[in-house]
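Each remark here refers to the structure printed beneath this line.
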Amino acid sequence: MDIQLGGAQGSNTTVTVSVKVYNEEDEEINIKSYPAVMQNGKNNQLEIKMEVGATNVEAMKSAKHLGFNFLLEGKNVNLNQSDYISINKLKFKTTNGISWSL
């Protein structure tokens with residue numbers, strides 16, 4: 001996924017991005033994921049890994065929504081109403097070669 005910060009300024013800014021999976025009733029599906037980190041607006045192409053295997057593939061069949069969590073940290077970070085985070089080129093891929101983009 002490519003993310004872009006709009007307006008948020010600060011020195012040594014770190015953005016930690018994590019994802020959660022939800023079913024149709026907005027209940028979280030317990031899937032282990034590993035957050036991705038972007039520092040000072042560099043390397044905006046982030047990869048968030050999730051463990052989907054034989055033990056939880058059945059639960060993933062009920063997945064309907066993704067929830068993205070963004071934690072913005074830094075020294076002297078100033079946020080205001082015009083700041084935003086843009087997500088572009090959201091892609092999904094598996095270790096067996098299947099992939100798709102949004």
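Computed from a predicted model, the values in this text were never measured in an experiment.
For Lys32, there are no salt bridge (Lys or Arg N to Asp or Glu O under 4.0 Å) partners, not counting sequence neighbours. Take Lys49 and apply the salt bridge (Lys or Arg N to Asp or Glu O under 4.0 Å) test, not counting sequence neighbours, and it matches Glu47.
Residues Val21 and Met50 share a closest heavy-atom pair of CG2-CE, 3.1 Å. Looking at every heavy atom in both residues, Ser62 comes nearest to Ile29 through OG-CD1, 3.6 Å. Here the closest non-hydrogen pair linking Ser33 and Val19 is OG-O, 3.2 Å. Pairing each heavy atom of Leu66 with each of Tyr22, the nearest pair is C-CD1, 4.4 Å. Looking at every heavy atom in both residues, Glu51 comes nearest to Ile31 through O-CG2, 3.5 Å.
No more than 12 heavy atoms of other residues, nucleotides or ligands sit less than 6.0 Å from atom CD of Glu24. Taking a 6.0 Å sphere around CG of Asn30, one finds it holds 12 or fewer heavy atoms contributed by other residues, nucleotides or ligands.
Between the CD1 atom of Ile48 and the OH atom of Tyr34 there is a distance of 13.5 Å, given to the nearest 0.5 Å. Atom NE2 of His65 sits about 8.5 Å away from atom CD of Glu25, to the nearest 0.5 Å.
Contact annotation: the side chain of Val17 never approaches that of Met38 to less than 4.5 Å [non-hydrogen atoms, C-beta and beyond]. Val37 is not listed as a side-chain neighbour of Val15, based on a closest heavy-atom distance of 4.5 Å or more.
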